[in-house]
Amino acid sequence: MRERSRVEEARNCEELESRQQAMLAAWEQLQKKLDEKANEWSDRKEEIEARKRDEKIEDWERHQQGQGYRSKLKPRKPGAIMKPKPNSSRPPRRPEYHPLIDSCHGLPYRPPRRPAPGSRGGGGS
């Protein structure tokens, strides 16, 4: 019996060791993928920062030449086609309509009165 238990223990140790090696190999593979993604991310980040730096330099040079500090218009892509805006299907409002005037009395909208600072809003003396 003791020999069987020793043989089983040896098998269990071998199985445990093989599992640990498999886990270690899987962990190393995942770590390698993670490192690659981190390197790609840092490269992209550096490219973006370099592009922003170049844009700032160009903006400053344009500003010094008197062409304006920043362009307010976004650059169009070459070959882009401008689409006309669709006409609104809603009918125009009547000319006497004004959203801030009450329709019943013709009085302009006035927000409620605020209490004076320091007062508690109560009446009295």
Side-chain angles (χ1 to χ4, degrees):
M1 282 233 172
R2 289 187 178 186
E3 289 180 27
R4 281 187 180 176
S5 63
R6 288 182 184 173
V7 171
E8 289 177 9
E9 286 180 17
R11 286 183 190 164
N12 289 340
C13 288
E14 289 173 5
E15 289 177 11
L16 182 62
E17 187 176 337
S18 65
R19 285 183 189 171
Q20 287 179 344
Q21 288 176 354
M23 287 176 58
L24 181 63
W27 178 82
E28 288 175 350
Q29 186 178 6
L30 289 174
Q31 189 65 38
K32 185 178 178 182
K33 287 181 182 178
L34 183 66
D35 291 342
E36 289 174 1
K37 286 184 180 181
N39 289 335
E40 289 175 8
W41 180 82
S42 62
D43 291 343
R44 272 188 276 150
K45 196 75 166 170
E46 287 176 7
E47 288 176 10
I48 290 171
E49 289 175 0
R51 198 174 310 134
K52 285 183 180 180
R53 229 181 356 259
D54 292 343
E55 286 177 5
K56 284 185 179 181
I57 291 170
E58 289 175 10
D59 286 342
W60 181 246
E61 288 173 355
R62 263 187 270 143
H63 176 67
Q64 287 181 331
Q65 293 173 0
Q67 296 177 355
Y69 182 62
R70 297 242 173 176
S71 176
K72 292 173 179 60
L73 299 176
K74 294 182 181 178
R76 288 190 213 161
K77 295 179 182 176
I81 300 172
M82 295 293 293
K83 297 179 182 177
K85 290 186 178 181
N87 292 335
S88 176
S89 61
R90 295 164 58 182
R93 293 191 171 106
R94 48 187 201 276
E96 67 275 0
Y97 173 78
H98 194 277
L100 298 180
I101 296 178
D102 188 13
S103 62
C104 298
H105 306 288
L107 298 174
Y109 169 75
R110 292 184 66 183
R113 189 172 175 181
R114 290 184 168 175
S119 69
R120 295 191 175 202
S125 55

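Hydrogens, waters and symmetry mates play no part in the numbers below; they use all other heavy atoms, side chains included.
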Test of understanding: with side chain to side chain contact (heavy atoms under 4.5 Å, CB included), list the residues that count as partners of [X], not counting sequence neighbours.
{"X": "Arg114", "answer": "none"}
{"X": "Gln64", "answer": "Trp60"}
{"X": "Ile57", "answer": "Glu61"}

Rounded to the nearest 0.5 Å, how far apart are CG of Asp54 and CG of Asp59? 11.0 Å
Measuring from atom NE2 of His63 to atom NZ of Lys56, what distance do you get when rounded to the nearest 0.5 angstrom? 15.0 Å
Exercise answer: donor-acceptor pairs, residues 35-42 side-chain atoms, under 3.5 Å, sequence neighbours excluded:
| residue | atom | partner | partner atom | Å |
| --- | --- | --- | --- | --- |
| Asp35 | OD1 | Gln31 | NE2 | 3.3 |
| Asn39 | ND2 | Asp35 | O | 3.3 |
| Ser42 | OG | Ala38 | O | 3.3 |
| Ser42 | OG | Asn39 | O | 2.8 |

Output a table of donor-acceptor pairs, distance under 3.5 Å, between side-chain atoms of residues 11-29 and any protein atom two or more places apart or on a different chain; print 'none' if there are none.
| residue | atom | partner | partner atom | Å |
| --- | --- | --- | --- | --- |
| Asn12 | ND2 | Glu8 | O | 3.3 |
| Ser18 | OG | Glu14 | O | 3.3 |
| Ser18 | OG | Glu15 | O | 2.8 |

